[in-house]
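Contents: one structure, followed by commentary.
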Amino acid sequence: MQRLFAGPDTSVRSPIDPRVVLTIRWLAITGQLMALIFTYFVLGFDLPLIPALFIIGLSVLMNLWQNRQAKDDSGLVEQNLLALIFDILQLAALLFLTGGLLNPFSVLLLAPVVVSATMLRRRATLVLILTVAASVSVLALYNHPLPWDQDKVDLPGLYVAGLWMSLVLSTIFIGGYVWWVASAARSLSEALSQAQLAVAEEQQAVALGSLATAAAHKLGSPLNTITVISHELSREITEDDPIYEDIQLLRAEAERCRVILGSLEDYKSQSNPDFEPELPINVLIEDLLHERFDAGHADVIVTHDADTMDEVPVATRRAEFIQAIEDILQNAHQFARSQIVVHIEWSSEDIHISINDDGNGFKPSILSRAGQPWNSSREGEDGHRGLGMFIAQTLIRSIGGSVVFGNGKNGGGEVRVSLPRSCFMVE
């Protein structure tokens, strides 16, 4: 089965706004240029000005290139990671020309790591920490020294080694600490978002339940009128009349509506549904097919993997399960050409039921929002509103199960329902 979520998306979006990154880099470029000009012309330090300006020019080109890329594909994690690596290497090259670790601005190497730890993944932060550590190690050994006054400033090698160690350890500690705090905040934010989504779905389900209850109450009177009139018509029309079969069909459909509305009353009046008798799961589904499902043009085949009936798991007639399976079967019937296959599998803890029709399968646009309300390729046609799959999924989730939508290997739509055995246990 082609699952709705086949795997992780390789082009993961980053929470960093690329325009913010570009703005920060323009500020950094301006600051680097001003510091270089001040040091060279005001302080009179003999620095390799042309190579330093060339390195700053690379940042300008990088910014212009990323600005163009951001218009086409904004905010990919990989793009931001490469940009931060470039920032580290660019600053390291500039420090190499301006004194190495003895340059007071060497502490700015920590900035990209902090940004990554706050916004990006752990792997990206580790890559940046290693990049900073490697850059600092090179700068500690190789650099173009600043023209200090040697009579007044004498910095021993031990000081440089300590400065190297402090930068490396600061990078590791600050990067790790910021990532840990930001990760905890992200986890809390994700948990809150999931809770809000669950509450929203629950509110939708409650609203639909209230509407269903109100509709059932209001349908009682017109349904009684339709039943009375259809009975009177059937007595007045003889069997050889051309509309006799249509009248009989009208009576049967009206009676079916009464049974559906009556099931709501039966569920409401049950004092303890756990006292329902247990049946093998395949027998339970077959009873559902006989009682509440009209396959019409499609043949429904129920299969399972057990060799004997003794191996088939038993289940009670939970109203949520019965209604959900009926909704899924009705949806499969509306798209099937000639056959619907219900296959049952189980383990020691779960029961899996797959319902596969031989139709055209789910369209990609429908599959991407499968299980959501008002999602139907036939919305507005013949009263279809796209609520059947949403109601079925909500009912299954309410008893601890899950629903996966997809297309079968041989074509046709496939809905796989997974339920814990414990939801059918009699207390």
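No hydrogens, no waters, no symmetry mates; every other heavy atom, side chains included, goes into these values.
Side chain of Arg317 to backbone of Glu278: no donor-acceptor contact under 3.5 angstrom is found. Asn407 places no side-chain N or O within donor-acceptor distance of the main-chain N or O of Gly361, the cut-off being under 3.5 Å. Remark: side-chain polar atoms of Arg397 are not paired, donor with acceptor, to backbone N or O of Ser402 under 3.5 angstrom. A donor-acceptor pair is defined here as one N or O able to donate and one able to accept, closer than 3.5 Å; such a pair exists between the side chain of Ser106 and the backbone of Asn103. With hydrogens and angles disregarded, no donor-acceptor distance shorter than 3.5 Å links the side chain of Asn143 to the backbone of Leu95.
By the 4.5 Å heavy-atom criterion applied to side chains, Glu414 and Phe362 are not counted as neighbours. Under the 4.5 Å side-chain criterion, counting only non-hydrogen atoms from C-beta, Glu349 is not in contact with Pro420. Under the 4.5 Å side-chain criterion, counting only non-hydrogen atoms from C-beta, Cys423 is in contact with Arg318. Proximity of Phe45 to Thr98: side-chain heavy atoms (C-beta onward) are nowhere separated by under 4.5 Å. When side chains are defined from C-beta on, Val342 counts as touching Leu329, because their heavy atoms get closer than 4.5 Å. In this structure the side chain of Ile353 reaches within 4.5 angstrom of the side chain of Ile351, judged on heavy atoms. Two residues are said to be in side-chain contact when any heavy atoms from C-beta on lie closer than 4.5 Å; Gln330 and Glu326 meet this criterion.
The CZ atom of Phe321 sits 4.0 Å away from the CD1 atom of Ile281 when rounded to the nearest 0.5 Å. Atom CG of Leu139 is separated from atom CG of Leu101 by 5.5 Å, given to the nearest 0.5 angstrom. Here Thr316 contributes atom OG1 and Leu279 contributes atom CG; the two are 9.0 Å apart, rounded to the nearest 0.5 Å. Atom CZ in Phe38 sits 14.0 Å away from atom CG in Leu33 (nearest 0.5 Å). The CG atom of Leu395 lies 9.5 Å from the CZ atom of Phe390; values are rounded to the nearest 0.5 Å.
Counted by atom type alone, Ser338 and Asp299 present zero donor-acceptor pairs between their side chains at under 3.5 Å. For Gln90 and Ser59, the side-chain atoms include at least one donor-acceptor pair closer than 3.5 Å. For the residue pair Asp350/Ser418, the side-chain donor-acceptor check at 3.5 Å is not satisfied.
Of the residues Ile88, Thr171, Asp87, Thr131, the one that meets the side-chain contact (heavy atoms from CB on, under 4.5 Å) test with Leu109 is Ile88. Remark: of the listed residues Val300, Ile328, Ile340, Asp357, Ile340 is the sole one forming a side-chain contact (heavy atoms from CB on, under 4.5 Å) with His333.
A salt bridge links Glu345 with Arg416: the closest approach of a Lys/Arg side-chain nitrogen to an acidic carboxylate oxygen falls below 4.0 angstrom.
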